[in-house]
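Proteins get letters first, then strands, A, B, ... in listed order; numbering begins at 1 in each.
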Number of protein chains: 2
Amino acid sequence: MFLDDRKRRILQAIIDDYIDTAEPIGSRSIARKHELGLSSATIRNEMADLEEMGYLEQPHTSAGRIPSDKGYRFYVDQLMKMTELSTEEIISIRNAMEVRINELSQLIRQASMIMSKITRYTSLAVPPQLKKSTLKAVQVVPIEPDKVLVIVVINAGVVRNNMVKIPKEVSPDYLINVSNVLNEKLSGHTLEQLNLPFIIKEVESSVGACSELLGPILNSVVECIKQVDNAEVITDGATNIFNYPEFRDLIKAREFLNVLDEKDIICKLLANNYDKKGINILIGNEHGLEEIKECTLITTTYSMGDIVVGSIGIIGPTRMEYSKVISSMNYIRKKINQEINKLIDEKFE
Amino acid sequence: MFLDDRKRRILQAIIDDYIDTAEPIGSRSIARKHELGLSSATIRNEMADLEEMGYLEQPHTSAGRIPSDKGYRFYVDQLMKMTELSTEEIISIRNAMEVRINELSQLIRQASMIMSKITRYTSLAVPPQLKKSTLKAVQVVPIEPDKVLVIVVINAGVVRNNMVKIPKEVSPDYLINVSNVLNEKLSGHTLEQLNLPFIIKEVESSVGACSELLGPILNSVVECIKQVDNAEVITDGATNIFNYPEFRDLIKAREFLNVLDEKDIICKLLANNYDKKGINILIGNEHGLEEIKECTLITTTYSMGDIVVGSIGIIGPTRMEYSKVISSMNYIRKKINQEINKLIDEKFE
DNA sequence: ATTAGCACTCGACTCGAAGGAGTGCTAACA
DNA sequence: TGTTAGCACTCCTTCGAGTCGAGTGCTAAT
């Protein structure tokens, strides 16, 4: 598994060129373009070695070489030089993400958008999953004589509500009482901790059972909590794949776009990395999905405080500008975390 | 512009067949498949006439004929036989749309989804535009000592809220007072009628100016109202176009998908028909958009009470199963209107 | 160990011939 | 006069042969 310095330099040259041109790379063009001080014949021999070791592949006998998944993996882990974002790129990321944003999911939408724009690949994202966040407050507010609005407030400005019709008019005091009890029982717990059936009983006994009224209200609370995590998936720049010659084949383009439409597959791919730190790279077949085995998926997570709440990523051909994508993603991730925390501070410092 | 009965029958046969096969239709195949009691030579002559009149086109001299936009238009207006939905289709539409739905826009999302599934074309939709709906209630609710939640309630269970930090603690009574004044000034007006700057002044004078507090609250109200109409566009089944041979050309497929990504174009296309009754059909170049001049757009509107609030449609090749699409759309539209009114009744009878 | 040289491979492209679907026209027919 | 059979013609599509060129692997010389 050890590659001497010369092999590494040649492999790097081949992958860099292939990422650039999407054409199989021949020994002569490497000898010409890169100042390695070697003849094409020597390079040819080295390339044959690299192929035998599994880092390169040959589409057919008389063609140049292209990197294999293993080649890309080695490139990403050891060879690749990181690029810096240009100032224009940094500015456009800031502009996209520092707009006045109210809803957390809106922030992720923006992040996804700008990421596909900058990388020119397809971006994926799941909005924050808030199961692990704590419930801040519950309120029951009268709206019309026979309608009340149930409001559930979670972290970071996330609010859900549900209108509910009640069978008979109740006094504001009664509602305040209900609100207080609900607050006491519910707030401070994470959403996934909440043992709702148990709580319902407790509340009933505290308020003095009048389930005719309480029933619909408690149902609404449950409904609100359910609404918090609609496991939606965001994609942007799906048609970017048409820019890449490896998808000039209609069948491949179609397969790719079809996978993007399978929200649950994307969801799983993005959820994969919740426990891992930093940026996660799945090259080619590493994710094991037949339909996109010629794609690379690069993902990362974002957090609220210390808790990972969601994930964003990009998907594109294995021949991808890895370093560009990684540096954009690092920056965008940092920005997301910043902005989330700003939101929390503002709304609940 | 008059077509005798025989020409009509031949035109109909050609268009029916072409919709079926996507291949230019020759005189012989018409003579064989349809029992018109005519020889291919006669049909050939009629076809030459129909071409000269503009109803048919010939891709090249020795090919069969295909319908022109004008041909499709005549077909849609006069020849087409309506098909009924199958019971399975009706059931699957019902299943999709009668699920417990809370948010109005969710209903439209479902409708769009089922429409693309049944027609196998691409569906488009704009969620309800509520500018014309009336504001029902405004409430300001304390959440934490220095935070209040501003809630704006519109029709049909649509609620928007905004958390706002206030500079110093205020008494619940003060908030109730503010709520009452806001309610009095705002409720009952349609959103587009609201002259917000003027109202802000009025409220300030009523409550007794304390703009340090009122400012953020009023801003929040404005923010909520703005949020009501996010002119989002929903599309479903975009990759369905890959099923149609006219899009086997990569460039065309790409162009089509790119247009779908241009949310404002789609929005305009859908907004086009707000004043028209029933189902609206734009064939080929009739919509004047170069990029999708080989597509037909079929749209209709849906209403809340008597007021048109949104629009849904499908887009696909001009060679489209018009009758199928029209009958599905009629049914789905009816369902949307029903469900909207159910929602209104439930939440604000 | 490196390199020059050379025969060989194989995809991409071009060209032309063959095949076939469909037409328009003419002449015959009812 | 309207309909039909027949036929020459057009033009797309398909297929195979031939050519070109980039690139390889191997051998022998340095």
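- Side chains of R254(A) and N243(B): a donor on one and an acceptor on the other come within 3.5 Å.
- The footprint of chain A on DNA chain C, defined by a heavy-atom cutoff below 4.0 Å, extends from dT2(C) to dG11(C).
- Aromatic ring pairs are classed by plane angle as parallel below 30°, tilted from 30° to 60° and perpendicular above 60°; the pair Y72(A) and Y322(A) is tilted.
- For the pair K252(B) and F247(B), the NZ or CZ position fails the cation-pi test of under 6.0 Å to the six-membered ring centre and within 45 degrees of the ring normal.
- Ionic pairing of D4(A) and R8(A) is not present here: no N-O contact between side-chain nitrogen and carboxylate oxygen is shorter than 4.0 angstrom.
- Atom-to-atom, NZ of K33(A) to P of dG23(D) comes out at 11 Å; the value is rounded to the nearest Å.
- The CG atom of D4(B) sits 11 Å away from the P atom of dG2(D) (whole-angstrom rounding).
- Between the CD atom of E23(A) and the P atom of dG21(D) there is a distance of 17 Å, given to the nearest Å.
- Using a 4.5 Å cut-off on side-chain heavy atoms (C-beta onward), L3(A) and Y55(A) make contact.
- When heavy atoms are screened at a 4.0 angstrom cut-off, A63(B) is found touching the sugar-phosphate backbone but no base atom.
- In terms of position on DNA chain D, the residue among N45(B) and H60(B) whose nearest nucleotide sits closer to the 5' end is N45(B).
- A straight line from CZ of R44(B) to C1' of dT10(D) spans 14 Å, rounded to a whole angstrom.
- For the pair I30(B) and D17(B), the minimum side-chain heavy-atom distance is below 4.5 Å.
- In this structure, the CZ atom of R65(B) is 13 Å from the C1' atom of dT10(D), given to the nearest Å.
- Proximity of S62(A) to the phosphate of dA22(D): no side-chain N or O atom is located under 4.0 Å from OP1 or OP2.
- If you check every strand for non-hydrogen atoms under 4.0 Å, T42(B) touches a base.
- In this structure, R248(B) places its CZ atom 14 Å from C1' of dT13(D), rounding to the nearest Å.
- Residue contacts shown for S29(A) are absent, as no nucleic acid heavy atom lies under 4.0 Å away.
- Judged purely by distance below 3.5 Å, without hydrogens or angles, the side chains of S123(A) and S112(A) pair a donor atom with an acceptor atom.
- Position along DNA chain D of the nearest nucleotide to Q58(A) versus S40(B) favours S40(B) as the more 5'-ward residue.
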